[in-house]
Each structure stands twice: as structure tokens, then as C-alpha cells.
Amino acid sequence: MKRFALLFLLVAGITVGANAQGTAKRPDPQPAADTKESFKLGMAGYTFAKFGLDTALQTLQRADVHYLCIKDFHLPFNSTDEQIAAFHQKLKDKGVTGYGVGPIYMKTEAEVDRAFEYAKRVGVKLIVGVPNYELLPYVNKKVKEYDMKYAIHLHGPDMPLYPDADDVWKNVKNLDPRVGMCLDIGHDTRNGKDAVADLKKYHTRVFDIHLKDVTGPTKQGYSVEVGRGIINFPAFVKMLRQVGYTGVVSLEHERNMDNPFMGIAESVGYFRAMIVATKK
């Protein structure tokens, strides 16, 4: 009888233990890998050039991304104050902050004026812009007038304007320190440059970063999901920390823009994995 009693108690104990384990509260998901970094992970609005704001915000929410650089196809230049307020409320409802506007192309002083006034009305302190070279003195004047940062978007070998970080630096180094660059690491790489080295050299003038990967260091290189190309992302993440970058690293996903969602998820996941893998 004692043997049966001991066996009964043993089986009962295993069953109770299994039930207790089965009903125990599972751990909650961990915060996103970038949560404790000095920089923030965001999204460039251009990623959603073929989709409306609702789809963009749903995607950011699912990817646990909370910063958006606003494109005018989601918030037109002629938006009323009421429309701007409604736009920000829609972002807030999804846990998203609009941190800047652009890229905005500017070929005349009137277009520069429009961009600065637009940014002021939207309530941001960063413009990602592409001004003609001859407009830079006027941009410099407006930066002082509005007390905003102006990040010139570089475009690699596809455009004669601002092909890489060296060219932007050459044109802004003697201007107000609030005139700098949006370091598009993909386009910089396609122009034969080392984006990690350029971040180190020019970090005092890097106000925004476009995150992407590319297949080669020439014009024939094209955009792919982050991690599938040639950019050294462990080194890039380490450099972000080394220079103390405090801005946003915004994914600008340009592959398969008719259906970018799997690529966005893969790119965000890979970049966050690199954040974890490079922690000391």
C-alpha cells in the first residue's frame, strides 16, 4: 500500500506541477532592440509612395516603429491647420510621431519659402531637402530665420545634385551648422563611398539617415532588403553609437514598392538583430 501511495503522490505532483506550469503567465514581448539606444528607428514616408496614410500607419504599428518622416503625398503643402491637426491625431492614435518633412525638392526661392513655412505649420524642426546648388545661400538664410535643421538628401549616381556625403559636406561646411545632410547610406554606397566612414567623418552634420541596403558600389547596384546587400551593418550600428548619433535612422524601402510589406518586416528585423548582436 505504501508503494501505491507513494506512486499516487508522485503522479499527482507531476500533474499539479504540469498544470501550474501550463497556467503560469508567459513573459511579455521584450521592448524593441532600439528602445535604449541614443538613435531612433523610423520610417521614411517615401516607402509608402503607393499607399495611403492608413496603410502606412498600420505597417508602422505592426513593425513597432514610432517615427515617420512626413511626405507631402500624405500631408499636402496646402493642408489647412485643421487638416494638420487631424493628421497628427491620426499618428498619435497609432503611437507614431512625425519628426520631419521631406524630401522636398526646391528649384526656386519661392519653393524654399513654401517648404520652410510648411514645416513650421506642420510643427517639425527638420526639413529633408534637395535644393539647387545656387539656392544654398538662401536656404542658409531661412535656417537662421526659422531656427530649423535642414538635411540635404544625397542621391548617389542617379542625379547630378548631391551624389554623396563628400559633395554635401563640400557645399555646407561653411554654412550655418544647422545645414547638414540626410545620409542615405544606400545611395552613398552606390556612388562608391563607405557610408560607415562617412558617418564618422561628417556626423556633426548628419541630421537624418536613410536606412537601406544595395547590391553594389556602382550605379548598377540596386536597393534590396537590409542585410541582403553589401553594407556592413554591424560596423554601421557600432559607428552610430561611437559618434553618439541622436537622430532617426529611417528605413526607406525601395524594392518592390507595389508590395513592400515583407521587405519592410525583414529589414526592420535584421537591423534590430544587428543592434542586439553588436551590444557589448
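Owing to the predicted nature of the structure, the values given are computational and were not obtained by experimental measurement. Scope of the values below: all heavy atoms of this structure, side chains included, with no hydrogens, waters or symmetry mates.
Taking the side chain as every heavy atom from C-beta outward, R178 and K144 approach each other to under 4.5 Å. With contacts defined as side-chain heavy-atom distances shorter than 4.5 Å, the pair H203/Q242 does not qualify. For the pair K212/E225, no side-chain contact is recorded, criterion being any heavy-atom separation below 4.5 Å from C-beta on. Between V214 and V224, every side-chain heavy-atom pair lies at or beyond the 4.5 Å cut-off. Two residues are said to be in side-chain contact when any heavy atoms from C-beta on lie closer than 4.5 Å; F236 and M274 fail this criterion. In this structure, R205 and P177 have side chains that are in contact, with non-hydrogen atoms separated by less than 4.5 Å. The shortest distance between side-chain heavy atoms of W169 and D164 does not fall below 4.5 Å. A heavy-atom distance below 4.5 Å is found between the side chains of D208 and H210.
Relative orientation of the H155 and H153 rings is tilted, given thresholds of 30° and 60° on the angle between their planes. Between F233 and F271, the ring-plane angle classifies as perpendicular under the 30° and 60° cut-offs. Taking the six-membered ring for Trp and thresholds of 30 and 60 degrees, F77 and Y118 have ring planes more than 60 degrees apart, a perpendicular arrangement.
Judged by distance alone, with hydrogens and angles left aside, the side-chain atoms of N256 form a donor-acceptor pair with the main-chain N or O of N259 at under 3.5 Å. With hydrogens and angles disregarded, a donor-acceptor distance shorter than 3.5 Å links the side chain of T215 to the backbone of Y222. Checked by atom type and distance alone, the side chain of T55 never pairs as donor or acceptor with a backbone atom of F51 at under 3.5 Å. Between the side chain of T47 and the backbone N or O of H253 there is at least one donor-acceptor pair closer than 3.5 Å. In terms of modelled atom types and a separation under 3.5 Å, the side chain of S267 and the main chain of G263 share a donor-acceptor contact. The backbone N or O of P103 sits less than 3.5 Å from a side-chain atom of K71, completing a donor-acceptor pair.
The structure places NE2 of H66 at 12.0 Å from CG of L91, a figure rounded to the nearest 0.5 Å. Note that CG of D188 is 10.0 Å distant from CG of L199, once rounded to the nearest 0.5 Å. Rounding to the nearest 0.5 Å gives a distance of 12.0 Å between CE of M262 and CZ of R255. N191 contributes atom CG, which lies 12.5 Å from atom CE of M159 (distance to the nearest 0.5 angstrom). Considering OH of Y162 and CD1 of I152, their distance stands at 4.5 Å, rounded to 0.5 Å. Rounding to the nearest 0.5 Å places CG of D93 at 13.0 Å from NE2 of H88.
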Let's go through V122 and I70 carefully: what are the C-alpha distance in whole Å and the side-chain angles of both, what is the deciding distance for side-chain contact (heavy atoms from CB on, under 4.5 Å) to 0.1 Å, and is it a yes or a no? CA-CA 9 Å; V122 173; I70 301 163; 3.9 Å; yes
What do the steps show when you test Y67 against F39 for ring pair (Phe, Tyr, Trp, His ring centres under 6.0 Å), and what is the final call? CA-CA 11 Å; Y67 297 90; F39 56 87; over 10 Å; no
Evaluate side-chain contact (heavy atoms from CB on, under 4.5 Å) for Y99 paired with C69, printing each intermediate quantity in order. CA-CA 6 Å; Y99 73 91; C69 192; 3.6 Å; yes
Could you please spell out the steps behind the side-chain hydrogen bond (donor to acceptor under 3.5 Å, both in side chains) verdict for Y146 and E117? CA-CA 9 Å; Y146 282 79; E117 191 58 28; 2.9 Å; yes
Yes or no on side-chain contact (heavy atoms from CB on, under 4.5 Å) for V143 and M148, after CA distance, side-chain angles and deciding distance? CA-CA 5 Å; V143 161; M148 289 184 183; 5.6 Å; no
Check the pair L68, T97 against side-chain contact (heavy atoms from CB on, under 4.5 Å), reporting the backbone distance first and the verdict last. CA-CA 6 Å; L68 176 69; T97 298; over 6 Å; no
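Of all heavy-atom pairs between V139 and P131, the closest is CG2-CB, 4.0 Å. What you find for L251 and V226 is that their closest heavy atoms are CD1-CG2, 4.0 Å. Here the closest non-hydrogen pair linking A151 and L126 is CB-CD1, 4.0 Å. Closest approach of A195 to I185, counting heavy atoms only: CB-CB, 3.7 Å. The two residues C182 and V128 have their closest heavy-atom pair at CB-CG1, 3.9 Å. Nearest approach of L154 to D184, heavy atoms of both residues: CD1-O, 3.4 Å.
Side-chain contact check for Y46 and E254: no donor-acceptor pair (N or O, by modelled atom type) lies under 3.5 Å. D113 and Y138 are linked by a side-chain donor-acceptor pair at a separation below 3.5 angstrom, with hydrogens and angles left out of the test. In this model, no donor atom of one side chain and acceptor atom of the other lie less than 3.5 Å apart for D213 and Y270. The closest side-chain donor-acceptor pair between Y202 and D166 falls under 3.5 angstrom.
At most 12 non-hydrogen atoms from other residues, nucleotides or ligands lie less than 6.0 angstrom from NZ of K149. No more than 12 heavy atoms of other residues, nucleotides or ligands sit less than 6.0 Å from atom NZ of K120. No more than 12 heavy atoms of other residues, nucleotides or ligands shown are found within 6.0 angstrom of CD on Q30. More than 12 non-hydrogen atoms from other residues, nucleotides or ligands lie less than 6.0 angstrom from OH of Y133.
Electrostatic pairing of E37 and K279 counts as a salt bridge here, judged by a charged N lying under 4.0 Å from a carboxylate O. Salt-bridge formation is not detected for the pair D176/K141: no Lys NZ or Arg NE/NH1/NH2 atom is positioned less than 4.0 Å from an Asp or Glu carboxylate oxygen. With respect to E266 and R228, a salt bridge is recorded, a charged nitrogen being found less than 4.0 Å from a carboxylate O. Using a 4.0 Å cut-off between charged nitrogen and carboxylate oxygen, R190 and D158 count as a salt-bridge pair. The residues K90 and D54 are annotated as salt-bridged, a charged nitrogen and a carboxylate oxygen being separated by less than 4.0 angstrom.
Taking the six-membered ring for Trp and the full ring otherwise, the centers of F73 and F48 sit at least 6.0 Å from each other. Two rings, from F207 and Y245, have their centers 6.0 Å or more apart.
When each of R241, R272, K40 is tested with D34 by the rule salt bridge (Lys or Arg N to Asp or Glu O under 4.0 Å), just one qualifies, namely R272.
V248 and I209 are not part of a single hydrophobic cluster, where members link through side-chain heavy atoms under 4.5 Å apart. Each of L60 and M257 belongs to its own hydrophobic cluster when Ile, Leu, Val, Met, Phe, Trp and Tyr are linked at side-chain heavy-atom distances under 4.5 angstrom. Linking ILVMFWY residues whenever their side-chain heavy atoms come closer than 4.5 Å, directly or via other members, leaves V276 and L211 in distinct clusters.
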